[in-house]
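All ligand and atom numbering here is 1-based and tracks the order in the structure. Starting from 1, each residue takes its place in the sequence as its number.
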Amino acid sequence: MNVLVINAGSSSLKYQLFDMSSETIIAKGLCDRIGIDGHLKHTPVSNGKPVFNSAISLPTHAEAISAVIAKLTSLEYGVVSDLSEINAIGHRVVHGGSKFFGSALIDEEVLKAIEACAPLAPLHVPANMMGIEACQKAMPGVPQIAVFDTAFHHTLPDYAYTCPIPYKYYEEHGIRRYGYHGTSHRYVSALAIDYLGKGTEGTKIITCHLGNGSSLAAVKDGKSIETTMGVTPLEGVPMGTRSGTVDPALVAVLSELNGDIPTKNAIDILNKESGVLGVSGISSDFRDVETAAGVDINTGEEIEGADIHPRAKLALDIFCYQVAKFIGSFYLIMGGVDAIVFTAGVGENSPYVRRGVCKILSGIGIELDRAKNRFRGPDETVDISSESSKAKVLVIPTNEELVIARDTKEIIGDL
Ligand code: ADP
């Protein structure tokens with residue numbers, strides 16, 4: 001069975017075609033700058049055909065899907081002979097509200113329910129829907145499945161997900177903490193449970209998905225019981241351009257300081273100009289910021305005699321401090337921890353951040369082995385804990401696309 005996985009953003013669309021008999025990628029690619037001008041990079045993986053990497057007109061997501069299909073089936077760049085070899089499509093959908101606890105076969109009703117979640121994630125859900133609708137048009141009759149970022153966190157207890165604001169906003173508008181990156185937290189926590197090898201019941205894992213967007217989850221008995229992102233993906237640890245948790249009254253302060261700009265624009269400052277970028281003034285990309293702070297990004301070690309940009313160093317200090325602070329609170333609410341997992345772009349690739357976080361955790365007996373930590377980009381689970389660490393420290397590469405393909409296969413199998 002071949003499953004096409006689609007991750008549609010507002011101006012981009014990533015795809016991977018999986019052969020699910022071996023869980024291998026047949027082809028992958030990225031449509032970029034949709035609605036601006038357009039660019040497509042298509043990589044056939046399974047058959048050694050050339051990579052297509054070129055500007056191409058992509059006025060809307062519909063043209064993007066058509067271009068992807070054309071490449072997947074073309075003589076020169078193709079990996080399948082025709083569309084009948086694509087058996088199902090799995091879509092990443094950022095928000096499923098309180099309705100979806102798991103992945104769902106998309107029909108009229110499901111599509112309406114997804115649309116109803118748009119006000120809760122206005123940047124993401126409309127883009128996800130454009131991806132779904134474009135696929136429905138281009139491949140009518142091919143089953144489509146939605147896999148929700150929020151679903152894994154549906155097990156949060158009410159006292160964790162309820163915002164302490166007037167209750168009517170929850171009852172009338174569904175305002176509550178939902179959590180995000182659930183597909184990633186679910187995937188890496190399951191691998192950590194496998195690694196620990198003592199079964200799911202009783203295990204306590206803290207997963208740290210650290211990328212451009214970052215969130216942590218407390219996973220007890222295989223279930224998410226707390227996470228750092230909340231109503232929107234702005235809450236929690238600082239990120240590439242997002243502030244994470246700050247005093248909410250800052251919205252009014254920022255508005256006033258900028259000539260009474262509308263609330264929406266003040267929140268834009270917290271979403272787009274803050275975090276590591278805002279403090280360092282250099283970049284939202286951790287590689288640039290670490291380099292400016294005098295760090296060798298391959299080993300995570302400070303380069304002797306290097307110039308250190310003080311605000312780059314401060315931005316990294318704040319990031320590590322906040323991640324450690326949340327780990328500490330998750331440790332407390334779970335009554336301990338068996339493994340801390342680092343994943344996603346920064347978690348998998350930054351020995352400096354892993355070391356900075358774990359340094360603060362020494363008070364609860366968690367330590368990594370500095371030599372084992374000096375690597376980036378693992379293919380599988382790597383244990384970087386020291387001999388005496390009270391919990392395992394693991395680096396596990398995430399694979400959200402594979403989870404989406406697996407869920408899709410499972411649901412199709414039930415049809
Ligand atoms: P997204 O949230 O967009 O999926 P990713 O998980 O791909 O993001 O993470 C992107 C981040 O990973 C960028 O900030 C990038 O700098 C960081 N990163 C990649 N390689 C390294 C490295 N060697 N050292 C530090 N950060 C890295």
Can you find a pair of side-chain heavy atoms, one from Val142 and one from Cys135, that are under 4.5 Å apart?
->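 Not touching, per the 4.5 Å side-chain cut-off.
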Below 4.5 Å, heavy atoms only, C-beta onward: do Glu226 and Ile333 meet side chain to side chain?
->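 They are in contact (side-chain heavy atoms under 4.5 Å apart), so the answer is yes.
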Could you tell me whether atom 20 (N) of ligand 1 has at least one protein heavy atom nearer than 4.0 Å?
->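 Within 4.0 Å of atom 20 (N) of ligand 1, protein heavy atoms are found.
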Regarding ligand 1, does [X] bring an N or O atom to under 3.5 Å of one of the ligand's N or O atoms?
| X | answer |
| --- | --- |
| Gly211 | no |
| Asp285 | yes |
| Ser350 | no |

Quick one: sort the [X] and [Y] rings into parallel, tilted or perpendicular, breaks at 30° and 60°.
| X | Y | value |
| --- | --- | --- |
| His42 | Tyr77 | perpendicular |
| Tyr170 | Tyr161 | tilted |
| His209 | His181 | parallel |

Between Gly347, Ser283, Pro351, Gly345, which one has a non-hydrogen atom sitting closest to atom 7 (O) of ligand 1?
->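 Minimum heavy-atom distance to atom 7 (O) of ligand 1 goes to Gly345.
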Minimum heavy-atom distance Tyr180-Val231, with the two atoms named |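 Smallest heavy-atom distance, with atoms named: OH-O, 2.7 Å.
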Candidate pair Ser224 and Leu156, rule side-chain contact (heavy atoms from CB on, under 4.5 Å), full reasoning = CA-CA 6 Å; Ser224 173; Leu156 257 61; 3.5 Å; yes
[atom]: the protein heavy-atom neighbour that sits closest, reported with distance to 0.1 Å:
| atom | value |
| --- | --- |
| atom 26 (N) of ligand 1 | Phe286 CB, 3.5 Å |
| atom 17 (C) of ligand 1 | Val346 CG2, 3.8 Å |
| atom 27 (C) of ligand 1 | Arg287 CG, 3.7 Å |
| atom 22 (C) of ligand 1 | Asn349 O, 3.3 Å |
| atom 8 (O) of ligand 1 | Asn212 N, 3.1 Å |

Quick one: is the NZ or CZ of Arg354 closer than 6.0 Å to the six-membered ring centre of Phe286, and within 45° of its axis?
->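 Because its charged atom misses either the 6.0 Å distance or the 45° angle limit, Arg354 does not stack over Phe286.
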Enumerated ligand 1 atoms positioned under 4.0 Å from heavy atoms of [X]:
| X | value |
| --- | --- |
| Ile297 | 23 (N) |
| Ala344 | 6 (O) |
| Arg376 | 23 (N) |

Under 3.5 Å, is there a donor-acceptor pair between the Glu63 and Ser57 side chains?
->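 Looking only at side-chain atoms, Ser57 and Glu63 do not form any donor-acceptor pair under 3.5 Å.
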Looking only at heavy atoms of Gly213, does any of them come nearer than 4.0 Å to an atom of ligand 1?
->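 Yes, Gly213 has heavy atoms under 4.0 Å from ligand 1.
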